[in-house]
There are 2 protein chains.
Amino acid sequence: MLSKKTKYGIKALTYLASQSKQDPVQISEIARHENIPQKFLESILLTLRNTGFLGSKKGKGGGYYLLKDPGEIPMTTVIRVLEGPIAMVPCVSLNFYEKCDDCPDENKCTVHKLMLQVRDSVLEVYRNNTLADLISA
Amino acid sequence: MLSKKTKYGIKALTYLASQSKQDPVQISEIARHENIPQKFLESILLTLRNTGFLGSKKGKGGGYYLLKDPGEIPMTTVIRVLEGPIAMVPCVSLNFYEKCDDCPDENKCTVHKLMLQVRDSVLEVYRNNTLADLISA
DNA sequence: AATTAATCTATTAAAACTATAGGGTAAACA
DNA sequence: TGTTTACCCTATAGTTTTAATAGATTAATT
């Protein structure tokens, strides 16, 4: 299951990406428009800022704004920051690899074999979708 | 993340599928061979029995055995029973559909749009893999 | 300089889910 | 009738998720 954190994060990013002007947008506006609990959204936007997706401006007229062109943001990077590993099992993860405690030999593990295929197919979907792709009709 | 329940369940099923004879196999043997906590495995095998994948026999010489040919068991059915919905969001689930609370219009939701693609690609992987495919070298 | 509108930080709490353990019951077999 | 094995119910420690609360900090505007 996708966490609400990730769901809300993607919604916020696409809302920002679909703005005509790239002026800062207030948290409250995003929260209202996308039906997201404001304080929860606040912490999500913060991690998106700390990981280089968003810039922020404090004080009157402040808010959040995208730092890059939506077409330059593949969903692989978004998902990894918000949700964590894309792989369903650590032993097939590219960025978060870990060996299984059980399982003496990965190459003979049927779960490994299956989840490798799942990882590859999901990865391809995320790679083929940028923020720009998601907001285009 | 794949739950251990699902991971252990798949391992148990493939262990049973790879037996040369289709005599009943004891829980303890599966647990030992696949490094699965026995009591946990017990409950997993029970749900696999109640959902029609396994048969069981009590008493001496008892144990669990596959009811169908491994080639007739696609992973879609296994995953749905052990892990639940394949979709990452209920609003794109085929068998467990639910509308989102937020989100007035699914067709305009970027998360929906992305997760539809993920569901389809994962589904294809599971459909293309039966138990028999997993145990073949 | 005062005010106000924002973002930032930290704590914590409820709820749900996960992974397991314990102990007793029932059936099959020898 | 005794042994072996699956079956069933209950409890629980731990983790993760999803927030809510309260306040501190920053910066533009007046």
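Here is how names work: the chains are called A, B, and so on, in the same order as the sequence lines, proteins then strands, and each is numbered from 1. Note that these values count all heavy atoms, side chains included, but never hydrogens, waters or copies made by symmetry.
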Checklist outcome for this item: So, with a heavy-atom separation below 4.0 Å from DNA chain C, the residues of residues 25-47 of chain A are A:Gln26, A:Ile27, A:Lys39, A:Glu42, A:Leu46
Next on the checklist: Can you list, in residue-number order, the parts of residues 92-105 of chain A that come under 4.0 Å of DNA chain C, counting heavy atoms only?
Outcome noted: none
Atom [atom1] of [X] to atom [atom2] of [N]: distance rounded to whole Å?
| X | N | atom1 | atom2 | value |
| --- | --- | --- | --- | --- |
| B:Asp23 | D:dT5 | CG | P | 14 Å |
| B:Leu48 | D:dA6 | CG | P | 14 Å |
| A:Met88 | C:dT18 | CE | P | 12 Å |
| B:Tyr8 | C:dT18 | OH | P | 14 Å |
| A:Lys7 | D:dT17 | NZ | P | 16 Å |
| A:Glu83 | D:dT16 | CD | C1' | 12 Å |

Could you tell me the separation between the [atom1] atom of [X] and the [atom2] atom of [Y], rounded to the nearest 0.5 Å?
| X | Y | atom1 | atom2 | result |
| --- | --- | --- | --- | --- |
| B:Glu124 | B:Arg119 | CD | CZ | 12.0 Å |
| A:Lys11 | B:His112 | NZ | NE2 | 11.0 Å |
| B:Ser43 | B:Gln38 | OG | CD | 11.5 Å |
| B:Leu123 | B:Leu94 | CG | CG | 6.0 Å |
| B:Tyr65 | B:Leu54 | OH | CG | 9.5 Å |
| A:Ser56 | A:Leu48 | OG | CG | 11.5 Å |

Next on the checklist: Within the supplied structure, the quantity of interest is the number of heavy atoms (other residues, nucleotides, ligands) at a distance under 6.0 Å from B:Glu106 CD; does it exceed 12?
Outcome noted: yes
Item to check | Trace of the side-chain hydrogen bond (donor to acceptor under 3.5 Å, both in side chains) decision for B:Thr47 with B:Asn50 | outcome: CA-CA 5 Å; B:Thr47 69; B:Asn50 292 333; over 6 Å; no
Next on the checklist: Considering only residues two or more places apart or on different chains, which pairs with a residue in residues 27-57 of chain A satisfy ring pair (Phe, Tyr, Trp, His ring centres under 6.0 Å)?
Outcome noted: A:Tyr8-A:Phe40, A:Tyr15-A:His33
Under 3.5 Å donor-acceptor pairs involving side-chain atoms of residues 74-82 of chain B, not counting sequence neighbours:
{"unit_1": "B:Thr77", "atom_1": "OG1", "unit_2": "B:Pro74", "atom_2": "O", "d": "2.9"}

Checklist entry - Pairs in or reaching into residues 18-33 of chain B: which pass salt bridge (charged side-chain N to carboxylate O under 4.0 Å, His left out), with residues at least two apart or in two chains? => result none
Checklist outcome for this item: With sugar-phosphate taken as primed atoms, P, OP1 and OP2 and all else as base, the protein-contact string of nucleotides 25-30 of chain D at under 4.0 Å (heavy atoms; B, S, -) is -SSSS-
Item to check | Nearest listed nucleotide, side chain of B:Lys4, among C:dT7, C:dA19, D:dA19 | outcome: C:dA19
Next on the checklist: Please confirm whether the shortest side-chain N or O distance from A:Arg49 to OP1 or OP2 of C:dC8 is below 4.0 Å.
Outcome noted: yes
